[in-house]
Amino acid sequence: MQIYFRAQHFAFRKQISFAGSFLQPLVQIRNSSSDNNAEEKPILLVGQHDVAVIQESEVDLASKNDMEKIRDQSLQYKLRDKTRQFIDLMYVMVKGGAGGDGCVAFSREKYVSKVPPSGGNGGRGGNVIFVASSNHSSLHSISKNITAGRGHNGEGNMKHGSAGKDVIIQVPLGTIVREVDPLLNKRQSKKINEDQINDENLDEETKLAKKRVATWVHYPRYNEKNPLSSFFIEAEKMIEQDEGYNRVLKAKDANNNLFLDLSVPNGQYIVAHGGLGGKGNPHFLTNANRSPKYATKGQEGQVKYLELELKAIADAGLVGLPNAGKSTFLTAVSNAHPKIAPYPFTTLNPYIGTVDYSDRFQLTVADIPGIIQGAHKNIGLGHSFLRHIERSKVLVYVVDLSGNQPWEEWYILQSELEKYRPGLTKRSSLIVANKADITEKSKENFPIFEAKVKEMFKEEIVIVPVSAKYKKNIVKVTTLLRQMVEKRELITCK
Ligand SMILES: Nc1nc2c(ncn2[C@@H]2O[C@H](COP(=O)(O)OP(=O)(O)OP(=O)(O)O)[C@@H](O)[C@H]2O)c(=O)[nH]1
Ligand SMILES: [Mg+2]
């Protein structure tokens, strides 16, 4: 079947013939079309779902260039780095759901003049819960404003409102959550909040009026009557006592800023509690007052401003200058496939690979973008991604042995690490002298480098010549890594 149509979306507007079904294998198309007519070499455009074959004989030179461009763009789109949305630091506002309001109602019965109050309580607001997830490696999917569901209002016939929906957010394992001060330009809630009530410029009467509006639900047409009754004043005192207890809890909460380290897989933490539901009018039933015509509103949920900082948890972290071969090394030792290319700053986001041993032991290795001299002054890509190796038990310096003075590279790395976090270089370390297959320079450099390392650190730091590209001497490094990680585990267990 051949369908002809004018391709409106191509700049060069050509007639395109679709060969057979949309999902016909490429090879088949190539073979059949080249068999039929040797001069008509098909050009393949690989889109999202379809394969279009354009007869080359119809294409002039100018449009050929256009087509090349489009094909490039199409492939670029497909091959675009999926991890481009990587985010490791962000600020979010989390808000627990407000509680539902209590209800003022009376159960009606035929021939009964005095009916009991039957308003249900409001449901509590939902909580915002963070779950540490090992399936997520970036914060980009987390929204900036997270609000849990509101509790439902109580209803007549003693129907209590249901609780608001909890919002469960999957946060990457290794994220540190810190409570921060609210942003200055935050939008004010339309509801009357405590600050507005306790405003010093207001006189006592206005404060009281505002507070009443924020707290009470009245029976229809009783808004003005209720505050005049002595029963209402008593009910107000009752609520005041309850609030006193809440206030102590709130003050305690305000002094203890939230700090969480989500380092346990599937660990769950409530970061913002929902507000309590309001009380229905049966709550205010007393011996003297048999028909209270008021109930309370639900409380607002907690509002917190949080900083989320993702610090990847890996057993070993690779540090090196751009182009030293960190990604190649990670590919050689683990199951990861980071991008490798002969230009600096190929790696833009951290990658974590898992090294598998024959006895099923596993350890994780983190590859981060290259750092250069002055990274602490934000030169190059800066040094903020050092946060991803900050938690590693072992530091692996990857140095290009075929360079002019590889030890200089190592000095730079050490000084940048120290500037990022003093004492970081004291961590157990290993030097991978990479590109040892480029023999002329490497043979010359290695003994000098080794001597310099020994001079500075005696036996503490081992230097291993390696060719990551040709996978030479890799087993020695992985064995050493395992020993160091296991030893380190013992130290931390004490
Ligand atoms: N000859 C040789 N070339 C290597 C070796 N290891 C890496 N290379 C080459 O060095 C270049 C850079 O390698 P990458 O692994 O991308 O380097 P990187 O340190 O990850 O670089 P950035 O991500 O930019 O920081 C690539 O062209 C690799 O093929 C090696 O052992 N021998
Ligand atoms: Mg890289």
Side-chain angles (χ1 to χ4, degrees), residues 79-84 86 88 137-138 312 314 316-355 364-376 378-389 392 394-414 416-417 420 429-446 449-450 463-478 480-481:
L79 300 176
R80 208 151 52 178
D81 192 357
K82 294 280 190 306
T83 55
R84 68 196 181 279
F86 181 83
D88 53 8
S137 53
S138 161
L318 304 181
V319 215
L321 262 59
N323 245 355
K326 299 178 292 298
S327 304
T328 315
F329 177 75
L330 185 72
T331 314
V333 297
S334 77
N335 56 357
H337 299 287
K339 194 171 167 187
I340 296 168
Y343 51 80
F345 302 116
T346 314
T347 307
L348 298 173
N349 306 320
Y351 271 84
I352 296 187
T354 308
V355 188
T364 46
V365 180
D367 172 25
I368 59 166
I371 50 172
I372 54 173
Q373 189 162 25
H376 66 282
N378 227 5
I379 297 176
L381 291 183
H383 69 179
S384 62
F385 36 68
L386 283 177
R387 64 165 70 102
H388 299 290
I389 51 124
S392 303
V394 178
L395 295 180
V396 181
Y397 297 98
V398 181
V399 179
D400 180 354
L401 195 60
S402 66
N404 272 343
Q405 288 181 323
W407 45 91
E408 291 295 336
E409 275 188 27
W410 181 55
Y411 296 152
I412 292 172
L413 291 174
Q414 285 211 317
E416 288 300 326
L417 286 194
Y420 173 73
S429 318
L430 175 72
I431 300 173
V432 168
N434 194 26
K435 305 196 185 179
D437 54 288
I438 306 175
T439 37
E440 308 137 35
K441 277 274 178 185
S442 305
K443 267 190 183 166
E444 203 181 289
N445 283 336
F446 187 72
F449 196 177
E450 199 176 30
I463 168 167
V464 190
V466 157
S467 167
K469 190 171 178 180
Y470 301 105
K471 299 196 177 171
K472 298 282 181 228
N473 224 8
I474 295 293
V475 179
K476 186 168 179 191
V477 182
T478 49
L480 272 172
L481 264 183

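None of the values given here were measured: they were computed from a predicted structure. Whatever order the structure lists ligands and atoms in, that order sets their numbers, starting from 1.
With hydrogens and angles ignored, the 3.5 Å screen pairs no side-chain donor or acceptor of Asn434 with any backbone N or O of Val398. A distance-only check finds a donor-acceptor pair linking the side chain of Glu416 to the backbone of His376 [under 3.5 Å]. A donor-acceptor pair is defined here as one N or O able to donate and one able to accept, closer than 3.5 Å; no such pair exists between the side chain of Asp88 and the backbone of Phe385.
Of the residues listed (Leu430, Val394, Val396), the one engaging Leu480 in a side chain to side chain contact (heavy atoms under 4.5 Å, CB included) is Leu430, and it is the only one.
Protein residues with a heavy atom closer than 4.0 Å to ligand 1 are Leu321, Pro322, Asn323, Ala324, Gly325, Lys326, Ser327, Thr328, Ile340, Ala341, Pro342, Tyr343, Pro344, Phe345, Thr346, Thr347, Gly370, Asn434, Lys435, Asp437, Ile438, Ser467, Ala468, Lys469, listed by chain and number.
Note on Lys326 versus Asp367: no salt bridge recorded, every NZ/NE/NH1/NH2 to OD/OE distance being 4.0 Å or above. Look at Asp437 and Lys469 and you find no salt bridge, because none of the NZ, NE, NH1 or NH2 atoms lies under 4.0 Å from a carboxylate O.
How far CZ of Arg387 is from OH of Tyr420: 6.0 Å, rounded to the nearest 0.5 Å.
Looking at Val365 and Tyr351, their side chains never come closer than 4.5 Å, going by heavy atoms from C-beta outward.
Protein atoms that are N, O or S and lie under 2.8 Å from the Mg ion (ligand 2) are these: Ser327 OG, Thr347 OG1.
Around CD of Gln373, the count of heavy atoms belonging to other residues, nucleotides or ligands within 6.0 Å does not exceed 12.
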